[in-house]
Amino acid sequence: MSGVPIIILREGTEEIQEKEARKQNISAMVAISETVRSTLGPKGMSKMLVDSLGDVTITNDGAEILKNLDIENISANMMVNVAKSMDEEIGDGTTSVVIFSAALLNNALDLIEQGIHPKPIIHGYKLAMDKSLEIIKNIAETISKDDDKVLINVAKTAMNAKGISTLKDFFASLALEAVKHISNDDGKTFNKVSNVKIVKAPGKSLKDTELINGVYIQKEKVNSMMPEVIKDAKIAVIRRKLDVKKTEFDAQVKISSPSEIQRFLDQEEKILLDYMKIFKDLGVNVVINSSDISDKFGAYLARDGIAAIKNVGESDYKSILKAVDAKLVDDLTSLTEDDLGFASKVEFEKIGDDEYTLLTGCKNPKSVSILLKGGLDKILSTAEVSLNDVLSVIAKVMDTKTVVAGGGAIYIELAKQVRLYANQIGGKEQLAVSAFALALEEIPKTLIQNAGFEEIEKLTELRAAHKTDTDKWIGIDTITNTIEDNYNKGIVEPAELVNHIIKSGSELANLILRIDRIINSKGSKSPGM
Ligand SMILES: Nc1ncnc2c1ncn2[C@@H]1O[C@H](COP(=O)(O)OP(=O)(O)OP(=O)(O)O)[C@@H](O)[C@H]1O
Ligand SMILES: [Mg+2]
């Protein structure tokens, strides 16, 4: 057999080759980048998203916008997925990763049009990516986990570009305090950010937002006769249906006389009373159940002054377990004192239109809540998205303890050093490494454009300012329109954020550059936009 592969295509299959395939993919991705580009940075604009039901969201968060786009092109979708992974792994930087990867692809397309084959471009991009990561490692500032000043600055920088920036001092301290509650020294604070529960409370204004040392659960008590407030709560967190199984009844009961009905009702009563006895013997006064509680059992609990919530979702009961230091129990007969949790107060309250259970004064509060207040639903949703970014970046820095200066500083410095590196490389790869440096500058360039400043002039000024190692953090502050040392100025972000932008942006670009064919089966969606 010869070494030439035979490709059998289904009837009606359309095949788009080489240049055309690449062009189609890249232009779809550049179009996505154009959609989010104007939102980057403190002077970025917001987008109004209208869904098919006419619901409106106003946001300048890249992840939010991309989530709502209806994209058919597969490569463009890959870009959206990279942004999503950015959101999951860092919690910020989604707009930047899209801008950077689109710039890499655009610059690659220019080189291809000059007759350079994608292979040396892919190789050059890989070299430049590795170099960039190495540079970041060398120049990033190391801080201690409890350097509150830098952590506050990280929070404020992430907020600069968001709707809640006018209250950034307030929210930065609040977010830092919240993250400190959930963190310990295991370097995994980021994975625990969901233990800061954000509860939206319409009505007041954002600056009335409070950090609650406890957990809010959107659940009402099972029976209205249960107490509104329980002090010194002894809490059982269980996963056991508190009901009598109807099936046992159906299968076994043949009723032939009224006395037999009574006997079986008594039996049901006995099972319920046995459950009650377990709680009462242990002094339990709050029951949190991830399963159901029947109306009848709810009435029994209420009669004995025990409060309960039922059908509590997994993330909620996990938060409670952490906050009150309890153990989840499936088999009630094995419930012991040791399994119970403690909170100095459990209360039921209505916030807006919703009923909540609030547990405060917990033994070991590894889970806290931010009661986010605000006048309008839209303001609350925007603030929630921003606050999530802020909590994530604080946690990331606590875990990794390295930061770099924002406002374009890190990208200008990287571009400078990557250009010097390009000079050491020969061949066509050199052109690709230089193209990579240019793509790095796309982020400061966009920040400048969005602020309405003259782009060439400011970019030239920034490049010229990076003379020696001590200039590495010189960047632009588009709020004050000054070019200075942004690290000293407090415009800082996690080094890991920039690492991730560079790594996943480059990997995506290289993946797309490797595609030389689009094979479209009959009936599949068009590769174009
Ligand atoms: N005062 C400032 N002047 C200039 N740039 C700033 C300032 N504060 C923050 N930035 C920059 O703004 C950029 C972040 O903007 P933005 O938050 O809109 O985008 P993102 O983080 O890439 O995406 P998203 O937050 O939507 O996921 C970072 O490069 C950051 O350094
Ligand atoms: Mg951001």
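This one's a predicted model, so the numbers in the text were calculated from it and none came from an experiment. Order of appearance sets the numbers: ligands from 1, and atoms from 1 within every ligand.
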- Ser132 pairs by side-chain contact (heavy atoms from CB on, under 4.5 Å) with which of Val498, Leu127, Val418? Val418

- Message: For Tyr317, give me all partners under side chain to side chain donor-acceptor pair (under 3.5 Å), at least two apart in sequence or on another chain.
- Response: Arg239

- Query: Judged by modelled atom types alone, do Thr480 and Lys489 share a side-chain donor-acceptor pair under 3.5 Å?
  - Reply: yes

- Look at Glu442 together with Lys445 and state whether they make a salt bridge at an N to O cut-off of under 4.0 Å. yes

- Item | Closest heavy-atom pair and its distance - Lys197, Ser315 | NZ-OG, 4.4 Å

- Message: As a test of reading the model: which residues have a non-hydrogen atom less than 4.0 Å away from ligand 1?
- Response: Thr39, Leu40, Gly41, Pro42, Asn60, Asp61, Gly62, Asp92, Gly93, Thr94, Thr95, Ser96, Thr157, Asn160, Ala161, Lys162, Asp389, Gly406, Gly407, Leu447, Ile476, Asp477, Thr478, Ile479, Ile491, Glu493

- Task: State which residues pass ring-ring contact (aromatic ring centres under 6.0 Å, His included) with Phe190; sequence neighbours excluded, sorted by chain then number.
- Result: none

- Quick one: how many protein N/O/S atoms are under 2.8 Å away from the Mg ion (ligand 2)? 1

- Message: Salt bridge or not between Lys503 and Glu89? Use side-chain N to carboxylate O under 4.0 Å.
- Response: no

- Message: Between Lys156 and Asp169 (salt bridge meaning N to carboxylate O under 4.0 Å), is one present in this structure?
- Response: yes

- Item | Ion pair check, Asp186 and Lys192, cut-off under 4.0 Å | yes

